[in-house]
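Sharing a structure below in structure tokens format, with a few things to ask.
Just the heavy atoms: all of them, side chains too, but no hydrogens, waters or symmetry mates, feed the values below.
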Amino acid sequence: MADDPHRSVSLTRTGPGHFEARNDRGGSIPVGNGAGEDGAAFTPVELLLVGVAGCSGIDIDLLTSRKAEPTSFEISAGADKVRDEEGNRLGPVTVTVQVTFPEGEAGDAARERLPEAVTMSRDRLCTVSRTVALPTPVDFEVR
């Protein structure tokens with residue numbers, strides 16, 4: 001898969017407003033509208049935020065854990081939903097990165113690398129946040 005640039009998922013309806021998302025590797029996630037019996041399922045907007053935070057989290061982890069294994073690593077993403085004349089969308093997305101490293105030379109090196117790793121992920125590496133930040137057309141086909 002790493003050589004193939006195409007990425008895709010499929011969703012199958014499991015009930016009113018509820019779907020199961022699947023990837024080609026056999027993974028699945030329940031997706032819903034946030035209501036009903038399965039109100040715990042991730043909404044599509046939450047999955048977008050998971051994509052942004054997860055993509056950057058992976059980048060940042062790979063770049064910093066080479067120096068030292070983190071003792072804690074949390075990353076979150078949030079945005080306000082906007083409804084205006086342009087339609088429904090999210091306002092600016094804020095990603096918050098909280099990472100701690102052990103004391104000592106290796107931990108110091110990882111702490112020093114952290115701001116650069118965050119910048120590299122935001123500006124170049126994270127496919128998800130780069131796609132959101134840049135104008136990216138979304139085409140729909142009805143079959």
Straight-line distance of Arg7 CZ to Asp24 CG, nearest 0.5 Å:
10.0 Å
A quick test of your reading: do over 12 heavy atoms of other residues, nucleotides or ligands sit less than 6.0 Å from CG of Asn88?
yes
For Arg122, all residues meeting salt bridge (Lys or Arg N to Asp or Glu O under 4.0 Å), sequence neighbours excluded:
none
Do the non-hydrogen side-chain atoms of Val52 and Cys126 ever get within less than 4.5 Å of each other?
no
Distance in Å, Leu49 CG paired with Phe42 CZ, rounded so as to fall on 0.5 Å steps:
10.5 Å
Could you tell me the separation between the OG1 atom of Thr14 and the CZ atom of Phe19, rounded to the nearest 0.5 Å?
7.5 Å
Applying salt bridge (Lys or Arg N to Asp or Glu O under 4.0 Å) to Arg22 and not counting sequence neighbours gives Glu20
Identify each donor-acceptor pair in which a side-chain atom of residues 60-68 lies under 3.5 Å from a protein atom, sequence neighbours left out, and give them as a table.
residue	atom	partner	partner atom	Å
Thr64	OG1	Ile60	O	2.8
Ser65	OG	Asp61	O	2.6
Arg66	NE	Leu62	O	3.2

Could you tell me whether Glu46 atom CD has more than 12 heavy atoms of other residues or ligands within 6.0 Å of it?
yes
Could you pull out the closest heavy-atom pair between Ser76 and Ala53, with the gap in Å?
C-CB, 4.3 Å
ILVMFWY network linking Val45 to Ile75, side-chain heavy atoms under 4.5 angstrom:
yes
Rounded to the nearest 0.5 Å, what separates atom OG1 in Thr127 from atom CG in Asp59?
8.0 Å
Who are the salt bridge (Lys or Arg N to Asp or Glu O under 4.0 Å) partners of Arg89, not counting sequence neighbours?
Asp84
With distance as the sole test, does Thr136 use its side chain to make a donor-acceptor pair with the main-chain N or O of Thr131 at under 3.5 Å?
yes
Beyond-backbone contact of His18 with Asn33, side-chain heavy atoms, under 4.5 angstrom
yes
Listed by chain and number, what are the salt bridge (Lys or Arg N to Asp or Glu O under 4.0 Å) partners of Asp108, not counting sequence neighbours?
Arg111
Kindly list each side-chain donor-acceptor pair under 3.5 angstrom involving residues 90-102, sequence neighbours excluded, with atom names and distances?
residue	atom	partner	partner atom	Å
Thr100	OG1	Thr71	OG1	2.8
Thr100	OG1	Ser72	N	3.3
Thr100	OG1	Ser72	OG	2.6

